[in-house]
Engineer: 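Shown below is the structure under consideration.
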Amino acid sequence: MGSVEKKIDFYQYLWQMNAIGDREYSIIRERQLSDDEISTRIKTAANLITIYRQQWDALEQADLNRHFSDDLLDKLSTTTCQRFKIIPYDLDKSGKLKVACVNPLLNAMRKVVSREIPAFKIEYCLADKETVLRLLKVYYRDISHIIDKAQEASGESAFLSGDSAGLDTLIDQIVIDGYERHATDIHLVFQGDILFYRLRLNNCFFPMIKLPNPISMVLKNRLLIRSGCAFNRLNNVRDAAVEIPYKDTCIPVRVSYVPTPDGYSIVLRIIRPSYLSFNKDDFLPEQWSDFIFQMKYNRGLVLITGPVGSGKTTIYYSSMQYLASERMKIISLEDPVESNVHGAFQVDLGKTRLTFSDTMKVILRQDPDIVMIGEVRTEEEIKSVSAAKLSGNMVFTTLHALTPWDTLIKLRRLGYPEEQLLNQSVTILTVRLVPIICSDCAEVYQPTAEEMRQLEVLNLQSDVKSFKKAVGCEVCQYSGYVAMKPFYDVLTVDASHMTKLMDNWNSLRQDSHLHGPINHMRSFLMGLMKKGDIDLKTLFGFLIE
Ligand SMILES: [Zn+2]
C-alpha cells in the first residue's frame with residue numbers, strides 16, 4: 001500500500017490496463033458495478049478480476065504534483081518514456097528510482113528500463129493516464145519532427161556534417177518552436193559534450209531539449225554567420241541579430257554569443273512583431289496622455305526601464321515609430337539594429353567601425369530632434385547621453401533597472417553629471433510583461449505554507465480568496481501560459497523635485513513620488529490575481545525584490 005491516497009480507483013485501473021475499453025469503462029463507472037457484476041458484464045472469470053484487484057491494491061500510486069528536476073528527467077531517454085508512457089519522478093535516499101507508469105506491470109517496458117539504467121533499483125508506480133500524457137508533452141517533448149525537417153532539407157549525413165540548408169531549417173524551427181510557446185528567449189547551450197536548448201518564459205525555464213551533439217560547432221557557426229558575423233570573428237563574444245521567416249512575416253531575434261570553458265552559450269531573444277506597437281489601452285488614460293506629452297515636448301531625458309525580457313525593446317521601437325509619424329528627425333544608435341522603422345535614421349554601431357562616442361559626435365552633427373540610444377550600459381555611453389542632452393536634444397534610451405530609485409542611482413553611478421541632472425527633468429517609463437495563465441488548463445490549488453507566509457510579508461494575504469496555477473494543455477502548447485500582458489507606468493521627476501532628491505540621496509527609497517510605479521504595479525497585479533489571470537509565481541517574481 002502506498003502512502004499516497006489512492007487517486008486512481010479500481011475502475012480506472014482496469015481501463016488503464018486495457019482490461020476494459022472506453023465504453024465499458026464509462027458504463028461500469030456510471031453504474032458503480034461490483035467485481036462480480038464486472039466479470040459478468042465483460043465475460044471474464046471472476047478470479048481474474050480478483051487478481052486485478054489484488055494488483056491494484058498492492059501498487060503504489062505516484063504523486064505527480066511536484067517539481068521535476070533535469071537530473072531526474074535525464075535518467076530515462078525521451079524515446080523510452082514516450083514509448084511506454086512513463087516518467088521517473090522520485091529518487092529516494094536509498095537510491096530507489098520511482099517511475100510513474102500508465103501500466104506498471106508491462107513486461108516489455110520493465111525490460112527496456114532496467115537495461116537502460118541497470119544501476120538503479122526501480123519501483124514502478126501507477127499514475128493517472130491523462131496526467132502522464134500531459135507531463136510527457138511538457139518534459140519529454142518529442143522534437144523528432146524538427147530534426148526530420150532539418151535532415152530532409154540536406155540529407156541525414158550532410159546535416160550532421162554541417163550542410164547549411166539543414167542547419168538553417170533547424171535554427172528556424174527552434175525559433176518558431178519558442179515563438180509559438182510564448183518563450184521570451186531560447187538558450188542554446190553546448191556544455192561538456194551535450195548540446196541542448198531550453199525555452200525561457202520570464203523567470204521560468206522549460207526542461208532542456210537535447211540536440212545531436214555532432215552539430216554543436218557547425219550549428220553555432222551557421223547561426224553567427226547568418227546573423228552577420230564575419231567568419232574570422234566566430235570565436236568572439238558577440239551580439240547580433242537575425243530574422244527568422246514565419247508564416248507571412250519575420251521574427252526578429254537578437255543573438256548573444258559567449259564562449260565558455262567547455263563549450264558555449266547562445267541566447268536568442270525573441271522580439272515579437274505583434275508587440276512592436278504599443279497599445280493605448282495598456283496605459284492608464286492619464287498616463288497615456290502624459291507619455292505622449294513627454295515624447296512630444298520634453299527636451300529632457302526619457303528612460304525606458306525594466307529587467308531582461310520585460311519589453312523594453314518593444315516600447316523603444318514603438319516609441320520610435322510614433323515619433324517618426326510625428327515628422328521629427330530621429331537618429332537612433334543601436335547595437336545591433338533589431339527592427340527597421342520607416343522614417344527613422346537607424347545607425348548600427350557594429351557596422352560603423354567607430355567607437356560609441358565618436359559615432360555619437362557624428363550623429364549630433366546631423367541635427368536630430370531626438371536622439372535614441374538602444375541601451376546604455378557603460379560610462380562611455382552615459383557620457384554620450386549627457387553630451388547629446390547638452391546639445392539640446394531630447395534623449396531617449398533604455399536602462400536595465402528595476403525601480404525608479406535604482407534607475408537614478410545607476411544613472412549617477414555610471415557618471416551622468418550631477419549638475420546636469422539637477423537642471424532637467426527625467427521621465428522614467430517602467431515596463432513589464434506579465435505572463436497570463438491559460439484558463440483552459442489552470443488549476444485551483446491551495447498555496448503552501450511558505451507561499452502564504454510570503455503573501456503575509458507583502459501584506460496581501462486577505463486580498464485573494466482563490467489561487468490558480470499554470471498547468472499546460474493543447475491550447476497553450478503545454479506552456480501553461482497564453483499571452484503576455486504589458487504593464488506601463490510613466491513617472492516624471494522634474495528639476496525641483498530632483499534637487500530635493502539630491503539632498504536626501506541615501507534615503508531615495510523613502511520618497512513617495514518614486515514609489516508611484518511600484519504601487520501601480522502592485523494594484524495592477526492584484527487585479528489580475530483576483531481575476532485568476534496570474535499565478536503566485538508571477539506575483540512574487542514581480543513584487544519581491
Ligand atoms: Zn492550457
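Nothing here was measured: the structure is a model prediction, and the numbers come from that model.
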Engineer: Side chains of S94 and D92: any donor to acceptor distance under 3.5 Å?
Structural biologist: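 D92 vs S94: donor-acceptor pair found between side chains.
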Engineer: Does Q32 use its side chain to pair, donor to acceptor, with the backbone of R29 at less than 3.5 Å?
Structural biologist: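 Pair found, side chain donor or acceptor close to backbone of R29.
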Engineer: Do any N or O atoms from the side chain of Q454 and from the backbone of F540 form a donor-acceptor pair under 3.5 angstrom?
Structural biologist: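 It does not hold such a pair.
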Engineer: State, without any angle test, whether E451 and Y445 hold a side-chain donor-acceptor pair at a distance under 3.5 Å.
Structural biologist: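 A donor-acceptor contact under 3.5 Å links the two side chains.
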Engineer: Using 0.5 Å steps for rounding, measure from the NZ atom of K469 to the CD atom of Q446.
Structural biologist: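 It is 11.5 Å, given to the nearest 0.5 Å.
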Engineer: Check whether E338 reaches the backbone of R254 with its side chain - one donor and one acceptor, N or O, closer than 3.5 Å.
Structural biologist: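 No, the answer is negative, given that no donor and acceptor are paired below the 3.5 Å cut-off.
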Engineer: Ignoring hydrogens, what is the shortest heavy-atom contact between R432 and P307? Give both atom names and the distance.
Structural biologist: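 Nearest pair, atom of R432 first, then P307: NH1-CD, 3.5 Å.
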Engineer: Output yes when a side-chain donor or acceptor of S39 lies under 3.5 Å from a complementary backbone atom of D36, and no otherwise.
Structural biologist: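 Yes, because the side chain of S39 sits within donor-acceptor range (under 3.5 Å) of the backbone of D36.
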Engineer: Can you measure from CD1 (I244) to SG (C250) and round to the nearest 0.5 angstrom?
Structural biologist: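 The distance works out to 8.5 Å.
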Engineer: Would the distance check show the side chain of D535 and the main-chain N or O of T538 forming a donor-acceptor pair, the cut-off being under 3.5 Å?
Structural biologist: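 Yes, because the side chain of D535 sits within donor-acceptor range (under 3.5 Å) of the backbone of T538.
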Engineer: Whether E456 and R453 form a salt bridge (side-chain N of Lys/Arg under 4.0 Å from carboxylate O of Asp/Glu) is what I want to check.
Structural biologist: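 A salt bridge is absent here (no side-chain N lies under 4.0 Å from a carboxylate O).
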Engineer: For the pair V242 and L268, evaluate side-chain contact (heavy atoms from CB on, under 4.5 Å) and give the outcome as yes or no after the intermediate values.
Structural biologist: CA-CA 9 Å; V242 65; L268 305 169; 5.6 Å; no
Engineer: Do the side chain of R522 and the main chain of L458 share a donor and acceptor less than 3.5 angstrom apart?
Structural biologist: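 Confirmed, R522 side chain pairs with L458 backbone.
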Engineer: Name the orientation class of the two ring planes belonging to Y13 and Y52 (parallel below 30°, tilted from 30 to 60°, perpendicular beyond 60°).
Structural biologist: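 Ring orientation, 0 to 90° scale: perpendicular.
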Engineer: Do E60 and K98 sit within salt-bridge range, that is, some charged N less than 4.0 Å from a carboxylate O?
Structural biologist: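 Looking at E60 and K98, the cut-off is met.
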Engineer: Short question: side chain of Q16, backbone of V102 - any donor-acceptor pair under 3.5 Å?
Structural biologist: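 Pair found, side chain donor or acceptor close to backbone of V102.
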Engineer: Report yes or no: do D177 and Y197 form a side-chain donor-acceptor pair below 3.5 Å?
Structural biologist: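 Y197 and D177 do have a side-chain donor-acceptor pair below 3.5 Å.
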Engineer: Using atom types as modelled and distance alone, determine if a side-chain donor or acceptor of R110 lies under 3.5 Å from a backbone N or O of P104.
Structural biologist: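 Answer holds: yes.
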Engineer: Any side-chain heavy-atom pair from D128 and L64 closer than 4.5 angstrom?
Structural biologist: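 No - every pair of side-chain heavy atoms lies 4.5 Å or more apart.
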Engineer: Among pairs that include at least one residue of residues 15-51, which meet ring pair (Phe, Tyr, Trp, His ring centres under 6.0 Å), considering only residues two or more places apart or in two chains?
Structural biologist: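 Non-adjacent pairs meeting ring pair (Phe, Tyr, Trp, His ring centres under 6.0 Å): W15-Y25.
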Engineer: With sequence neighbours left out, which residue pairs that include part of residues 88-128 fulfil the ring pair (Phe, Tyr, Trp, His ring centres under 6.0 Å) condition?
Structural biologist: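 Every candidate ring pair (Phe, Tyr, Trp, His ring centres under 6.0 Å) pair involving residues 88-128 fails, so no pair, neighbours aside, qualifies.
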Engineer: Please check if the side chain of W56 supplies one atom and the backbone of I8 the other of a donor-acceptor pair under 3.5 Å.
Structural biologist: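 Looks like yes, one N/O pair under 3.5 Å.
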Engineer: What closest approach, in Å, do L455 and L539 show between heavy atoms, and which atom pair accounts for it?
Structural biologist: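 Between these two residues, the closest heavy atoms are CD2-CD2, 4.0 Å.
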Engineer: Indicate whether any N or O donor in one side chain lies under 3.5 Å from an N or O acceptor in the other, for D406 and T403.
Structural biologist: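 Looking only at side-chain atoms, T403 and D406 do form a donor-acceptor pair, the distance falling under 3.5 Å.
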